[in-house]
Asks: 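Take a look at the following structure, please.
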Amino acid sequence: MHEMSICEGIVQVLEEQACAQNYKSVGKVWLEIGPLAGVELESLRFCFEAVAKGTLAEDAKLEIVETKGLAWCMKCSNTVEVARRFDACPTCGSFQLQVTGGDEMRIKELEVN
Amino acid sequence: MCSVCGCGHGEVKIDGKEPRNHSHDHSHDHSHDHEGESEIGVYSHAPGLAQKRMVQIEQDILAKNNSYAAQNSNLFSKQGILALNLVSSPGSGKTSLLARTIRELGKKPVISVIEGDQQTANDAQRIRETGAKAVQVNTGKGCHLDAHMIGHALEELAPHDGGIVFIENVGNLVCPAGFDLGEAHKVVILSVTEGEDKPIKYPDMFHASDLMLLNKIDLLPHLEFEVERCIDYALRVNPAIKILKVSATSGEGMEQWYEWVRTAHKMVLSGHPTADIYSKTGGKE
């Protein structure tokens, strides 16, 4: 969803940080994105290129670290791995799952010049 | 142009106008000089070598939106306002449902509305016909409302203390799920003329919502929509979601929805320092 505005958000953060962290261009950006964040990675890469053009991140490469989707099963009291929001608990088959991780969308670190 | 949020450029319009020039108390004429920075670089690295280094920032990509959302939410809680974010696909009957709700909830508490659409002020016009105050936000190319647009719209709307603000989001079951506007609850509206599997086709939205209104139930006899299956799908995605079956046309089930709104509004006002005044007047004049 809205990969374009997400990329605009990333570039905005990079530009804000340029002042504080004293850099002029960005070579690499490490992003941490969970499977439940609603982000299509291919589309994100595509949009990033378009949005970064003409900014200090023009030549930046995206390194995407995919995290795991985790949920707490209220029925069998286990922390289980899920790929989608409507997955059933792989242990007991219940849908009473509380998502506990995997919806993050974070900029971790940068390689800058 | 505001350089913090980029407002004042682009295509976002509030009631057809550019957003107001609010003060972020800074301008980009700051005078630090970038040559000095490169000298630091020269001193700290051997000449001729690339000055690559790593910077840890650990920042949420949507942090900016979330901080605007927190400001909105602050304003709502200070003024004792219940804010509801109505989301759905286009054509689910959001505006009709809202218009009827405003008419039937009565004059207290005072209701005002922020309407989000890509283009046109038609929806705000429909709401104003009910007598409620409404501000139209046109997102231009955007596919969702963000917290910053809502901040500007609230300046324009100046909602009543102790009132209710309905935010009718852009018809879209995908993007608005990720953008917190500072509301108390997201309410997702699904009409029975859509597929019953919408909750699992667009799980993020149903996961993010606290209440689902299954609208247009007066049409059920003419359709092959399996209500139970739809509810089951919604509960799979969000075990805590509440579901009400309504028809904004026939009025069926609408009283339960009003009761939900009144209860949510009471929760906002309960214990609020000026709750007494609000409950007597329905809002400070």
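All values below come from the heavy atoms of this structure, side chains included, with hydrogens, waters and symmetry mates left out. Letters go in sequence order (proteins before strands), and every chain restarts at 1.
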Asks: Within the distance-only criterion (no hydrogens, no angle test), does the side chain of B:Asn72 pair as donor or acceptor with the backbone N or O of B:Leu181 below 3.5 angstrom?
Replies: yes

Asks: Name the region of A:Val13, side chain, backbone, both or neither, that has any atom closer than 4.5 Å to a heavy atom of chain B.
Replies: side chain

Asks: Quiz question: by atom type and distance under 3.5 Å, do the side chains of B:Asn85 and B:Asn169 form a donor-acceptor pair?
Replies: yes

Asks: Assess B:Arg236 against A:Phe86: is NZ or CZ under 6.0 Å from the centre of the six-membered ring, and within 45 degrees of the ring's axis?
Replies: no

Asks: Heavy-atom distances under 4.5 Å only: say whether A:Ser5 touches chain B with side chain, backbone, both or neither.
Replies: side chain

Asks: Given the options A:Gln98, A:Lys108, A:Glu32, which has more heavy-atom pairs under 4.5 Å with chain B than any of the others?
Replies: A:Lys108

Asks: Checking heavy atoms, do the side chain of A:Gln17, its backbone, both or neither come under 4.5 Å from chain B?
Replies: side chain

Asks: Examine whether an atom of A:Leu97 lies under 4.5 Å from a heavy atom of chain B, and if so say whether it belongs to the side chain, the backbone or both; otherwise answer neither.
Replies: backbone

Asks: Just wondering, do B:Leu154 and B:Phe76 contact through their side chains at under 4.5 Å, heavy atoms?
Replies: yes

Asks: Around atom CD of B:Glu58, are there more than 12 heavy atoms from other residues, nucleotides or ligands closer than 6.0 Å?
Replies: yes

Asks: Side chains of B:Val137 and B:Glu115, heavy atoms from C-beta outward: is any pair under 4.5 Å?
Replies: no

Asks: Count the heavy-atom pairs under 4.5 Å between each of A:Met74, A:Glu104, A:Gln96 and chain B, then report the option with the highest count.
Replies: A:Gln96

Asks: Under a 4.5 Å heavy-atom cutoff, which of B:Asp60, B:Val237, B:Leu62 has the most pairs with chain A?
Replies: B:Asp60

